[in-house]
Engineer: 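Here it is, the structure in full.
Atoms within a ligand are numbered from 1 in the order they appear, just like the ligands themselves.
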Amino acid sequence: MENLKIELKHTNISEEEMNQYSTEVEKIHQDLYKKANDEKEFLGWLNLPTDYDKEEFDRIKAVAKKVKEDSDIFLVIGIGGSYLGARAVIEAMNSPFANEMVEEKNPKVIFVGNNLNPDYIHDVIEFIGDKDLSINVISKSGTTTEPAIAFRIFREFLENKYGIAEARSRIYVTTDKQKGALKKLADSEGYESFVIPDNVGGRYSVLTAVGLLPIAVSGIDIDKLMCGAVAAQNRYADEKLKYNDCYKYAVARNILYKKEKNIELLVDYDPKLHYMIEWWKQLYGESEGKEGKGIFPAGVEFTTDLHSMGQYIQQGRRNLFETVLNIENSKTDLEIKNDEDNLDGLNYLVGKSLDYVNKKAMEATIEAHVSGDVPNIVITMNQLDEENLGQLIYFFELACAMSGRLLGVNPFDQPGVEAYKKNMFRLLGKPGYEK
Ligand code: PA5
């Protein structure tokens, strides 16, 4: 398995600037590893690729097999960290038309409980029609409003469709091992349950049952995904900044931030990575955006967005930098053929592949944006497969922890998320929120 490659040459960051962070990086590294097994520290994800519940992992595979046999649809109910990681991996690995393909051999994974829109739920119910389905409701707290409402609706739907007893055998719960309303419900109804470890926060939980069950149901090899994460865990365990590309990414972000580059655009050249960007946005936004600090994480998809956001990036306010996700080898390719009339003027590309053109667009864009004072970091994956995604996930998680600590914030809490909830509960008349 090839390692991820990180290039900083388009950032204009000097070795000297980097080296200034060496001692601090080592200190933070040691502190993270010292507390890795402390239940109160939310660092369980650090050793997760090697230190996980093997019995539960096998159970995930067994449930995935059962769902493949008895369901056409796997309805995944969750929001934020209880949703984005699974969607990111599933969309990265599957055809964008997988859910439309009648002959698809794996259940279609549909996500609900990530918004409150009634039309969306209505459309999902219409799509389900008379197809067979199972449900995976995911919530660490077990009390989040969006998934709780969706679960109430779809639990009733399932019970009406199959009767209470069979519905029970089609509901899978992923939640805290002891507490929360969902845990109580799962215990009283006898739903098969999976655990979100206490010391793994929502946005760091994709390699637990939170992500692994939906990912396995969609037909993706979770052994290989974990294998990639193990490789990253080993590779990025070096406290020395000069040998650790993951920490170099974290440091580069902080150096750029100090130079007023306070918006990071994660860029892809493959629409399958759209939800990878969404997952990354939550990871970094929720981990770093606090105490009036933080790089604002945003995403763009090229070349699509070069025709919408390209102008701003090239010449707008100069507070941006980009991190480009480059996939070295596309899975398939197309050759551009000769056209005798050449009315479209494309014959200069005859014999070239579409991936070649895409790569040239990437090179050209990096050159243009860098010349427009938008520094570029480039992360290259050998190909878009389970191993590389496992590596990338671990890479971003560890870099996020390091980056947040360098910034001087706690990368594992999210106190600001509560503000809208309190107002919403007051407006909805929830008991206890009158004032
Ligand atoms: O990262 C986080 O902690 C959040 O995004 C949560 O994952 C999200 O709010 C959903 O919470 P829960 O899993 O408790 O329903």
Engineer: Does the ring center of F425 lie less than 6.0 Å from the ring center of Y433?
Structural biologist: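 Close enough - the centres of the two rings lie under 6.0 Å apart.
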Engineer: Report yes if G81 has an N/O atom closer than 3.5 Å to an N/O atom of ligand 1; otherwise report no.
Structural biologist: yes
Engineer: Do K54 and Y52 meet the cation-pi criteria used here (NZ or CZ under 6.0 Å from the six-membered ring centre, within 45° of the axis)?
Structural biologist: yes
Engineer: Flag R203 as yes when one of its N or O atoms lies below 3.5 Å from any N or O atom of ligand 1, and as no otherwise.
Structural biologist: yes
Engineer: Using non-hydrogen atoms of the residue, decide whether Q282 is closer than 4.0 angstrom to ligand 1.
Structural biologist: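 A heavy atom of Q282 does come that close to ligand 1.
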Engineer: Mark yes when over 12 heavy atoms from residues, nucleotides or ligands other than K331 sit less than 6.0 Å from its NZ; otherwise mark no.
Structural biologist: yes
Engineer: For atom 1 (O) of ligand 1, is the nearest protein heavy atom under 4.0 Å away?
Structural biologist: yes
Engineer: At less than 4.0 angstrom from any non-hydrogen atom of Q414, what atoms of ligand 1 do you find?
Structural biologist: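 Checking each atom against Q414, I get 3 (O).
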Engineer: What about F395 and Y236, are their ring centers closer than 6.0 Å?
Structural biologist: yes
Engineer: How about Y257 and F321: are their ring centres within less than 6.0 Å of each other?
Structural biologist: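 Here the rings of F321 and Y257 have centres that are no less than 6.0 Å from each other.
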Engineer: Counting non-hydrogen protein atoms only, what is the nearest one to atom 8 (C) of ligand 1? Give residue, atom name and distance.
Structural biologist: I79 O, 3.6 Å
Engineer: For atom 11 (O) of ligand 1, what is the nearest protein heavy atom, given as residue, atom name and distance?
Structural biologist: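 Looking only at protein heavy atoms, the one closest to atom 11 (O) of ligand 1 is T144 OG1, 3.5 Å.
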